[in-house]
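Let me begin by presenting the structure, written as structure tokens, before commenting on it.
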Amino acid sequence: MGGYNMKLGEALSNLKKEKSRLARLISLRKDNVYVEEGKKTKFNPKELSKEIDKKIGDIKKLKIQIQKTNLNTKLIGEDILLGEAIIEVNDLRSKLSSLSDLFEKKRSWLYRDKDEKEMITQLDELEIEDEIEKLEIEKIQLDNKIQVTNWTTKLID
């Protein structure tokens, strides 16, 4: 799986494929665990278990290489590590998600509760929309730098 100068982006792509293969092997083993007496299953569950264990080992090795690379690589054009940038992008996604949900209840500028009391917003929706837009731009820019870094960085062994 490694050997040559694999780029981080390629390793991430391989990780996704390997996880998918692992899921198929696990499913295949489950489908072949029972057999009619006197018959044989198409796939040997014991052999599949060996393949599953090997695949888990391969995935673990790849994850460790990716993690090592993320913690030892500066983000292109920035003075932070790739690993930190990934955490930052996830934080931005969470922030955006919680801000986007803020006005879900609102049916109009005035919201009435079940007792028909008038409810007014305590936050300016336009200000929140501006903040969402700024965060969205920041997230996209950071995400793009992460992608560029992923495809220009060699995976660390």
Side-chain angles (χ1 to χ4, degrees), residues 1-107 111 113-114 125 128-129 131-157:
M1 229 189 310
Y4 70 100
N5 292 323
M6 187 189 305
K7 298 287 185 209
L8 182 54
E10 192 180 348
L12 290 163
S13 178
N14 284 349
L15 179 61
K16 198 173 179 180
K17 286 180 206 159
E18 290 298 302
K19 284 180 170 180
S20 176
R21 287 180 186 128
L22 175 62
R24 284 196 301 274
L25 284 171
I26 290 169
S27 178
L28 204 53
R29 178 176 64 182
K30 188 177 178 185
D31 292 345
N32 286 274
V33 79
Y34 289 102
V35 66
E36 199 180 310
E37 198 174 343
K39 295 201 174 178
K40 276 191 172 178
T41 52
K42 196 172 181 183
F43 296 94
N44 181 335
K46 285 181 184 171
E47 290 303 314
L48 289 171
S49 289
K50 284 180 196 168
E51 280 185 62
I52 288 166
D53 289 344
K54 186 189 178 314
K55 188 69 62 195
I56 289 169
D58 291 346
I59 288 170
K60 180 180 172 182
K61 184 178 181 248
L62 194 54
K63 281 180 173 179
I64 290 167
Q65 286 180 281
I66 290 167
Q67 199 167 35
K68 235 189 251 183
T69 307
N70 285 344
L71 295 175
N72 287 287
T73 304
K74 288 246 175 164
L75 186 68
I76 286 186
E78 299 291 329
D79 194 32
I80 64 168
L81 293 171
L82 186 52
E84 292 175 77
I86 292 165
I87 292 168
E88 179 64 26
V89 161
N90 288 331
D91 288 348
L92 287 167
R93 282 193 184 109
S94 295
K95 236 185 213 179
L96 281 162
S97 175
S98 67
L99 287 174
S100 300
D101 291 351
L102 271 179
F103 298 99
E104 258 183 16
K105 268 187 167 180
K106 182 188 81 98
R107 280 174 291 239
Y111 165 73
D113 72 3
K114 58 184 180 293
E125 193 168 1
I128 299 294
E129 284 300 325
E131 189 178 349
I132 287 172
E133 200 173 320
K134 283 179 191 138
L135 289 170
E136 194 65 55
I137 290 165
E138 189 182 339
K139 179 187 73 74
I140 289 166
Q141 288 173 341
L142 195 54
D143 227 351
N144 288 341
K145 287 178 184 175
I146 289 170
Q147 291 308 315
V148 170
T149 307
N150 283 346
W151 288 100
T152 55
T153 302
K154 287 180 186 150
L155 187 67
I156 294 174
D157 277 322

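Note that this is a predicted model, so its numbers are computed, not measured. Both backbone and side-chain heavy atoms feed into the values below; hydrogens, waters and symmetry mates do not.
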With a 4.5 Å limit on heavy-atom distance, are the side chains of [X] and [Y] in contact?
{"X": "Lys63", "Y": "Ile59", "value": "yes"}
{"X": "Gln65", "Y": "Leu62", "value": "yes"}
{"X": "Ile140", "Y": "Glu136", "value": "yes"}
{"X": "Asn150", "Y": "Gln147", "value": "yes"}
{"X": "Leu75", "Y": "Leu142", "value": "yes"}

Pair up each side-chain donor or acceptor in residues 36-43 with any protein partner under 3.5 Å, not counting sequence neighbours, and list the distances.
unit_1: Thr41; atom_1: OG1; unit_2: Phe43; atom_2: O; d: 2.7

Item checked: Ionic contact status for Glu47 with Lys50, cut-off 4.0 Å -> yes

Can you sort out the partners of [X] under side-chain contact (heavy atoms from CB on, under 4.5 Å), two or more places apart, ordered by chain and number?
{"X": "Lys95", "value": "Leu135"}
{"X": "Ile132", "value": "Leu96, Leu99, Ser100, Ile128, Glu129"}
{"X": "Ile86", "value": "Asn70, Leu82, Asn90, Ile146"}

Next item on the list: Would you please name every residue forming a side chain to side chain donor-acceptor pair (under 3.5 Å) with Asp31, sequence neighbours left out?
Entry: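 Residues passing side chain to side chain donor-acceptor pair (under 3.5 Å) with Asp31: none at all.
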
Note to self: Test of understanding: with side chain to side chain donor-acceptor pair (under 3.5 Å), list the residues that count as partners of Lys74, not counting sequence neighbours.
What the structure shows: Asp79

Notebook entry, point to check: Going by atom types alone, do Arg93 and Ser97 pair a side-chain donor with an acceptor below 3.5 Å?
Noted result: no

Check: Under 3.5 Å, side chain of Ser13 to main-chain N/O of Gly9, donor-acceptor pair present?
Finding: no

